[in-house]
Structures are given as structure tokens and as C-alpha cells.
Amino acid sequence: MAEDAKCGLMLWDGESRGTLNNVLNLLGHGKKVMVYLGPYKSVYKLSNEHDLDSLFARCDQNTIQDLKRRLEPQLRFHQL
């Protein structure tokens with residue numbers, strides 16, 4: 001999907017590993033991603049690592065660290 005898409009639109013609860021994996025795959029392929037962060041009812045435009053860090057800053061840090069650990073083998077874009 002990430003290779004064929006021109007961009008992505010994700011609805012994320014700030015916890016789902018699958019959605020975050022899709023975001024990372026798209027960014028890793030140089031695609032822009034719009035993420036609707038459900039708990040805050042806000043939209044984030046992501047196109048680079050800095051944008052992703054800004055999104056992560058809005059989320060529960062324990063959850064983000066757990067997601068990073070679980071997705072580590074699949075990460076191509078975001079450095080831990």
C-alpha cells in the first residue's frame with residue numbers, strides 16, 4: 001500500500017500499532033500523511049521525522065515507548 005499510495009489519511013486513537021505502522025511505512029516511502037488523532041479531535045500533517053515527533057508529543061509517552069519497542073524491527077523511517 002505505501003509504495004502505491006500518493007499520500008495517506010489515518011484515523012488514530014494514539015494507541016493502535018497497526019495504524020502507526022502504516023504511518024511509518026508511508027513516511028518511510030517519502031509520502032505525506034494526514035493523521036486524525038481521535039482523543040484530541042485534531043488533524044496532523046506529517047511529512048518528516050519532526051512532524052512525527054510533534055504528533056508523539058500529544059500522546060501518552062508510556063504508550064508511545066511501548067509502540068516504538070514493538071515496532072522496532074519494522075521501523076525504516078523513525079529513529080528511536
Side-chain angles (χ1 to χ4, degrees):
M1 176 190 83
E3 291 178 21
D4 295 333
K6 292 184 181 185
C7 62
L9 172 63
M10 303 292 167
L11 309 174
W12 193 40
D13 60 4
E15 299 177 9
S16 169
R17 181 176 51 161
T19 303
L20 179 57
N21 187 49
N22 287 333
V23 169
L24 293 168
N25 284 334
L26 285 161
L27 290 173
H29 281 88
K31 312 295 174 74
K32 293 183 181 187
V33 184
M34 297 292 289
V35 177
Y36 176 78
L37 188 56
Y40 295 99
K41 298 180 180 162
S42 55
V43 177
Y44 296 84
K45 180 180 175 184
L46 309 180
S47 57
N48 57 46
E49 185 175 345
H50 180 265
D51 296 338
L52 185 58
D53 287 337
S54 295
L55 175 65
F56 285 165
R58 297 288 304 195
C59 301
D60 177 74
Q61 292 307 297
N62 291 328
T63 300
I64 294 301
Q65 291 305 315
D66 181 54
L67 287 169
K68 286 179 177 181
R69 277 191 297 277
R70 295 172 75 189
L71 289 171
E72 185 175 9
Q74 300 158 343
L75 294 178
R76 286 183 240 134
F77 172 74
H78 190 68
Q79 294 205 342
L80 302 173

message: Could you measure the distance from the CG atom of Leu26 to the CG atom of Leu46? Nearest 0.5 Å is fine.
response: 10.0 Å

task: Calculate, to the nearest 0.5 Å, the distance between atoms CG and CG belonging to Asp53 and Asn48 respectively.
output: 9.0 Å

field: Minimum-distance pair of heavy atoms, taken over all atoms of Leu55 and Val35
entry: CD2-CG1, 4.1 Å

Sequence neighbours excluded and cut-off under 3.5 Å, please list the side-chain donor-acceptor pairs for residues 56-63, or say none.
unit_1	atom_1	unit_2	atom_2	d
Arg58	NE	Tyr44	OH	3.2
Asp60	OD2	Asn62	N	3.3
Asp60	OD2	Thr63	N	2.9
Asp60	OD2	Thr63	OG1	2.8
Gln61	NE2	Phe56	O	2.8
Gln61	NE2	Cys59	O	3.0

- request: May I ask whether Met34 and Tyr36 are part of the same hydrophobic cluster, defined by side-chain heavy atoms of I, L, V, M, F, W, Y residues being less than 4.5 angstrom apart, directly or through others?
  value: yes

field: Check: Lys31 side chain, Glu3 main-chain N or O, donor-acceptor pair, under 3.5 Å
entry: yes

query: Can you name the one residue among Asp51, Leu52, Leu24, Val23 that meets side-chain contact (heavy atoms from CB on, under 4.5 Å) with Val33?
result: Val23

task: Give a yes or no on whether Tyr40 and Ile64 share a hydrophobic cluster (residues Ile, Leu, Val, Met, Phe, Trp, Tyr; joining criterion: side-chain heavy atoms under 4.5 Å apart).
output: yes

field: Leu67 CG to Glu15 CD distance, which is reported to the nearest 0.5 Å
entry: 8.0 Å

